[in-house]
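First the structure, in the form of structure tokens, and then the observations on it.
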Amino acid sequence: MITLVSNSPTRKKILREHQIAFQQVSIDFDEESITSIVPKTFAYEACKHKLERALQELGSDCAILVADSVVSVSSCMQRKPKTKEEAREMLEKQSGQEIAIITAQILKTSKIEVCDISQTILKLQEFHKVDLKEYLESNLWQGKAGAVMVEGFHSKYIIKQKGLFSTALGLSVEKFLPFFAII
């Protein structure tokens, strides 16, 4: 069984859809301690630190899966917005632009350690103001890197996608399926 170290309901759903046996736990880790402003570096460092913290709390006898995602718009990193106004600013920068969703993930067991950093690039149409307002009011943007919800709000605005949809959701599960089989 895999221990998913994440509060993400989307990551939980991805593992369930792929019929991966797992338990979900959360750990206390302050992402504010990471100083990098480079999106790929930030995602990797957050992932690495989450793994280190999970190993301290859970030990090294279990299979641990950690992941972290960030959004990049014009090379500027967007993390999880803390307020509705911050979410609005992020979404306005994304409207009509190309965005990159970067997901770093590490699977560690007593036998293997696999790390992957992937990105999915989305070309977006301009957001309609009414849709944007409704999305912000729904609070569905909370807990989402860059306030991006590719399975919801953003879905009707995607013109072109390059990369895995699962990466955009926050867990590139296809990359780890062969390794789950040997755990």
Side-chain angles (χ1 to χ4, degrees), residues 3-17 22-47 49-51 53-54 65-105 117-122 124-158 161 163-173:
T3 300
L4 172 63
V5 181
S6 172
N7 292 326
S8 169
T10 305
R11 290 185 182 116
K12 179 180 178 178
K13 182 179 177 193
I14 291 169
L15 290 177
R16 278 199 178 138
E17 287 173 351
F22 73 98
Q23 64 178 348
Q24 187 173 22
V25 300
S26 66
I27 58 165
D28 186 27
F29 172 70
D30 180 18
E31 290 185 2
E32 300 303 319
S33 64
I34 301 170
T35 57
S36 178
I37 58 169
V38 177
K40 287 181 184 176
T41 303
F42 183 93
Y44 172 71
E45 286 183 15
C47 202
H49 291 304
K50 287 178 185 178
L51 176 62
R53 185 79 177 130
L65 176 61
V66 294
D68 195 81
S69 298
V70 296
V71 173
S72 179
V73 181
S74 302
S75 299
C76 293
M77 182 171 59
Q78 294 182 341
R79 294 177 41 211
K80 294 175 186 163
K82 294 177 181 70
T83 64
K84 192 179 292 185
E85 187 53 40
E86 190 176 3
R88 178 188 324 279
E89 290 171 10
M90 289 178 177
L91 292 163
E92 286 174 351
K93 287 179 183 172
Q94 295 168 16
S95 183
Q97 299 299 311
E98 188 172 89
I99 68 171
I101 302 167
I102 298 123
T103 295
Q105 54 192 23
I117 303 171
S118 297
Q119 78 175 6
T120 295
I121 298 172
L122 303 174
L124 302 172
Q125 295 176 2
E126 288 194 25
F127 302 146
H128 299 299
K129 291 187 186 298
V130 172
D131 289 346
L132 182 59
K133 183 179 181 205
E134 286 176 6
Y135 179 54
L136 288 166
E137 292 300 319
S138 75
N139 290 328
L140 292 172
W141 52 267
Q142 292 179 338
K144 306 247 182 232
V148 173
M149 189 175 187
V150 293
E151 72 279 25
F153 173 77
H154 287 72
S155 64
K156 74 179 190 179
Y157 292 102
I158 298 171
Q161 173 184 318
L164 296 171
F165 188 70
S166 61
T167 299
L169 291 172
L171 185 63
S172 308
V173 71

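The model shown is predicted, which means the values in this text are computed figures rather than measured ones.
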message: Please report the interatomic distance CD1(I37) to CE(M77), rounded to the nearest 0.5 Å.
response: 7.5 Å
message: Within the 4.5 Å heavy-atom criterion, are T35 and E45 side-chain neighbours or not?
response: no
- request: For the residue pair L169 and K13, establish whether any side-chain heavy-atom pair is separated by less than 4.5 Å.
  value: no
query: How far apart are the closest heavy atoms of Y135 and M149, and which atoms are they?
result: OH-CB, 3.3 Å
- line: Interatomic distance, CD1@I14 vs CZ@F165, rounded to 0.5 Å, equals 8.5 Å
query: So how far is it from R88 CZ to T83 OG1, rounded to the nearest 0.5 Å?
result: 9.5 Å
field: Heavy-atom pair of closest approach, residues Q78 and Q94
entry: OE1-NE2, 2.7 Å
field: Residue that, paired with K82, satisfies side chain to side chain contact (heavy atoms under 4.5 Å, CB included) out of E86, K80, E85
entry: E86
query: For Q125, does the CD atom have more than 12 heavy-atom neighbours from other residues, nucleotides or ligands under 6.0 Å away?
result: yes
- request: Taking all non-hydrogen atoms of both residues into account, name the closest pair between A67 and R11 and its distance.
  value: CB-NE, 3.5 Å
- request: For side-chain hydrogen bond (donor to acceptor under 3.5 Å, both in side chains), just list the numbers for S95 and E126, CA-CA rounded to whole Å, side-chain angles, deciding distance to a tenth of an Å, and then say yes or no.
  value: CA-CA 4 Å; S95 183; E126 288 194 25; 4.7 Å; no
Sub-4.5 Å side-chain heavy-atom contact between L65 and L171: yes
- prompt: Does a side-chain heavy-atom distance below 4.5 Å link E32 with R79?
  reply: yes
query: Could you state the interatomic distance from CG (D131) to OG (S138), rounded to the nearest 0.5 Å?
result: 11.0 Å
Heavy-atom check, side chain of F22 versus side chain of R16, under 4.5 Å: yes
query: Has the side chain of T103 got a donor or acceptor atom that lies under 3.5 Å from a matching backbone atom of S69?
result: no
Donor-acceptor contact below 3.5 Å, side chain S74 vs main chain C76: no
- request: Give a yes or no on whether the backbone of G163 and the side-chain of Q161 come within a donor-acceptor separation of less than 3.5 Å.
  value: yes
field: Ring geometry between F127 and F153 (parallel below 30°, tilted from 30 to 60°, perpendicular above 60°)
entry: perpendicular
query: Can you name the nearest heavy-atom pair linking I27 to A54, along with the distance?
result: CD1-N, 3.9 Å
task: Quickly, which of L122, I101, L91 forms a side chain to side chain contact (heavy atoms under 4.5 Å, CB included) with H154? Name it, please.
output: L91
field: Donor-acceptor contact present, side-chain Q105 to main-chain S172, <3.5 Å
entry: yes
- request: Report the residues that fulfil salt bridge (Lys or Arg N to Asp or Glu O under 4.0 Å) with E137, sequence neighbours left out, ordered by chain and then residue number.
  value: K84
- request: Work out which heavy atom in I102 is nearest to a heavy atom in P39; give both atom names and the distance.
  value: CD1-CB, 3.6 Å
field: Full working for side-chain contact (heavy atoms from CB on, under 4.5 Å) between T10 and K144
entry: CA-CA 10 Å; T10 305; K144 306 247 182 232; 3.4 Å; yes
Distance in Å, K40 NZ paired with S118 OG, rounded so as to fall on 0.5 Å steps: 9.0 Å
query: Which atom pair, heavy atoms only, marks the closest approach of L136 to A87?
result: CD2-CB, 3.7 Å
task: With the side chain counted from C-beta on, respond yes when L132 and E92 share a heavy-atom pair under 4.5 Å apart, and no when they do not.
output: yes
- request: Keeping the roles fixed (side chain from Q97, backbone from L124), state whether a donor-acceptor pair exists under 3.5 Å.
  value: no
query: Do the non-hydrogen side-chain atoms of E31 and D68 ever get within less than 4.5 Å of each other?
result: yes
- prompt: Do the side chains of V173 and L15 get nearer than 4.5 Å, heavy atoms only?
  reply: yes
